[in-house]
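A, B, ... follow the sequence lines: proteins, then strands. Residue 1 opens every chain. As the structure is a computational prediction, the values presented were derived from the model and not from experiment. Reckoned from all heavy atoms, side chains included, excluding hydrogens, waters and symmetry mates.
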Number of protein chains: 2
Amino acid sequence: MADRLSPRAREIVAAARTLLEESGPAALTLRALADRLGIKAPSLYKHFPDKEAVETELVVQALTGAAEAMEAAEAREPGSLTGLARAYRAYALAHPHLYCLMTERPLPRASLPAGLEDRAAAPLMRVCGGEQDLARSFWAFAHGMVVLEIHGRFPADADLDAAWTRGVGALGA
Amino acid sequence: MADRLSPRAREIVAAARTLLEESGPAALTLRALADRLGIKAPSLYKHFPDKEAVETELVVQALTGAAEAMEAAEAREPGSLTGLARAYRAYALAHPHLYCLMTERPLPRASLPAGLEDRAAAPLMRVCGGEQDLARSFWAFAHGMVVLEIHGRFPADADLDAAWTRGVGALGA
DNA sequence: TTTGACGGCTAACGACGTTAGCCCTAGGTT
DNA sequence: AACCTAGGGCTAACGTCGTTAGCCGTCAAA
């Protein structure tokens with residue numbers, strides 16, 4: 001289950017993650033990644049077929065982390081859409097670059113562990129009582145809020161807590 | 001007002017736009033752009049300081065187009081949140097690459113025509129009766145729906161019309 | 001007539017992802 | 001003990017990218 005990757009490959013992914021999280025996507029370079037591991041860039045190809053495969057592994061980590069955050073929120077406050085919303089926002093803002101890597105491209109579904117995508121969506125589906133339309137519109141709202149905030153699209157003085165409350169209230173009724 | 005750019009610069013932006021819209025962001029290369037214009041890449045620097053300046057001009061076009069689409073929707077169905085939602089979605093899906101270029105990065109506000117950002121937001125603000133929290137949560141919902149759809153994040157068989165209806169209904173009440 | 005802005009050009013640089021091909025080391029096999 | 005093999009490094013290099021430096025032709029205004 002966790003042995004999708006060799007130990008060395010996991011070290012590479014870990015280094016890639018800190019590189020991405022600390023310095024953003026432009027800094028996630030194969031040469032910089034190799035540097036951080038004390039090796040040269042071409043050596044990375046002994047462990048991954050290309051850069052995209054490394055990024056896919058980061059998406060797996062991001063998706064897993066998001067799923068765990070959602071599950072924890074559900075355990076804390078079962079049935080609470082507000083709690084889920086708070087956890088979603090908190091996770092995204094704690095890992096903005098990882099969050100964007102995960103969402104701003106088509107999902108590499110063929111390379112994902114089976115069931116991971118569903119697992120991440122499950123808590124929201126449960127809170128929405130299986131109503132897919134509601135779950136999707138809530139997800140869209142939460143993703144929109146988070147990604148617009150990350151990219152600084154709201155006015156600097158905007159009261160985002162109020163906007164979240166308003167949206168969650170409207171969708172949760 | 002429209003003379004922000006020299007005629008030649010406007011030709012360059014037009015070529016950049018078709019390149020982006022037809023072939024996506026990876027194809028928007030200074031060499032490819034120059035090729036399409038029958039010149040060499042370094043000549044572009046006689047008209048723009050760097051690639052980002054060209055992209056900023058595309059953002060201006062995208063934002064202007066979005067503002068026009070919102071204004072047209074408002075003129076068609078004054079006060080209708082549903083009409084605005086339909087227009088927003090239609091514009092984004094008609095120009096997905098342009099839409100992503102416009103939204104998936106910090107706005108280059110310093111390089112934008114004065115008032116453009118506000119103009120694009122004005123119709124929604126009016127429909128929301130000046131309630132900023134509502135307007136922001138609606139924008140987040142609409143942006144989330146559009147961008148998740150563009151990136152193929154919803155299941156292939158998802159009924160997105162139903163999700164839109166659900167979200168607009170909840171936020172518009 | 002000369003000047004200068006305008007708008008092309010070639011050559012080249014450094015960084016990027018990537019490929020080809022070499023080499024050393026460790027462990028297991030014969 | 002001798003050998004083989006897989007793992008995991010390395011250098012050199014290629015093509016593409018954005019970008020810079022420096023040159024040259026054209027044409028209107030002084």
Side-chain angles (χ1 to χ4, degrees), chain A residues 2-60 97-98 100-102 104-106 108 110-111, chain B residues 2-60 97-98 100-102 104-106 108 110-111:
Chain A
D3 56 341
R4 297 167 25 93
L5 268 43
S6 72
R8 189 57 169 148
R10 268 195 291 273
E11 289 180 18
I12 293 173
V13 173
R17 176 165 177 168
T18 70
L19 207 51
L20 174 68
E21 296 212 47
E22 287 175 2
S23 312
L28 182 48
T29 285
L30 291 190
R31 284 173 170 87
L33 177 55
D35 255 18
R36 177 174 280 263
L37 292 158
I39 62 178
K40 302 295 179 180
S43 301
L44 294 170
Y45 287 82
K46 297 289 174 159
H47 305 279
F48 293 93
D50 51 27
K51 185 185 182 183
E52 196 188 338
V54 179
E55 291 176 339
T56 293
E57 227 40 56
L58 291 179
V59 170
V60 170
H97 295 306
L98 205 54
C100 288
L101 185 74
M102 170 176 73
E104 286 179 350
R105 67 184 60 196
S111 313
Chain B
D3 55 341
R4 297 167 26 89
L5 267 44
S6 73
R8 189 56 169 148
R10 268 195 290 275
E11 289 180 18
I12 293 173
V13 173
R17 176 165 179 167
T18 71
L19 207 50
L20 174 68
E21 296 211 47
E22 288 175 2
S23 312
L28 182 50
T29 285
L30 291 189
R31 284 173 170 87
L33 177 55
D35 254 18
R36 177 175 280 264
L37 291 157
I39 63 178
K40 302 296 180 180
S43 301
L44 295 169
Y45 287 82
K46 296 289 171 146
H47 305 278
F48 293 94
D50 50 28
K51 185 185 182 184
E52 195 188 338
V54 179
E55 291 177 338
T56 292
E57 229 41 56
L58 291 179
V59 169
V60 170
H97 296 305
L98 205 54
C100 287
L101 185 74
M102 171 176 73
E104 286 179 350
R105 68 184 59 195
S111 313

Starting at the 5' end of DNA chain C and moving along, which residue's nearest nucleotide shows up first, A:Ala26 or A:Pro42?
A:Ala26

d(CD1, A:Ile39; C1', D:dT11) in whole Å:
14 Å

Going by heavy atoms in the side chains, are A:Leu44 and A:Val54 under 4.5 Å from each other?
no

How long is the line joining CG of B:Asp35 and P of D:dT16, in whole Å?
12 Å

Hey, are the side chains of B:Leu5 and B:Ile12 touching, using non-hydrogen atoms and a 4.5 Å cut-off?
no

How long is the line joining NZ of B:Lys40 and P of C:dA12, in whole Å?
16 Å

Which atom names give the shortest non-hydrogen contact between A:Ala32 and A:Ala27, and what distance separates them?
CB-O, 3.7 Å

With a 4.0 Å cut-off, would you call B:Arg36 and B:Glu22 a salt bridge?
yes

Go through the N and O atoms of the side chain of A:Arg31 and the base of C:dG17, and report whether any donor-acceptor pair is under 3.5 Å.
yes

Just call it for B:Ser43: base, sugar-phosphate, or nothing, with non-hydrogen atoms closer than 4.0 Å on any strand.
base

Between B:Gly38 and A:Leu30, whichever has its closest DNA chain C nucleotide further toward 5' is B:Gly38

Separation of atom CG in A:Leu5 from atom P in D:dG7, rounded to whole Å:
14 Å

Contact check, side chains of A:Arg8 and A:Ile39, non-hydrogen atoms, under 4.5 Å
yes

Within residues 44-55 of chain B, find the residues that approach DNA chain C with a heavy atom at under 4.0 Å, and present them sorted by residue number.
B:Lys46, B:His47

Between A:Ala41 and A:Arg31 the two heavy atoms that sit nearest each other are CB-CG, 3.8 Å

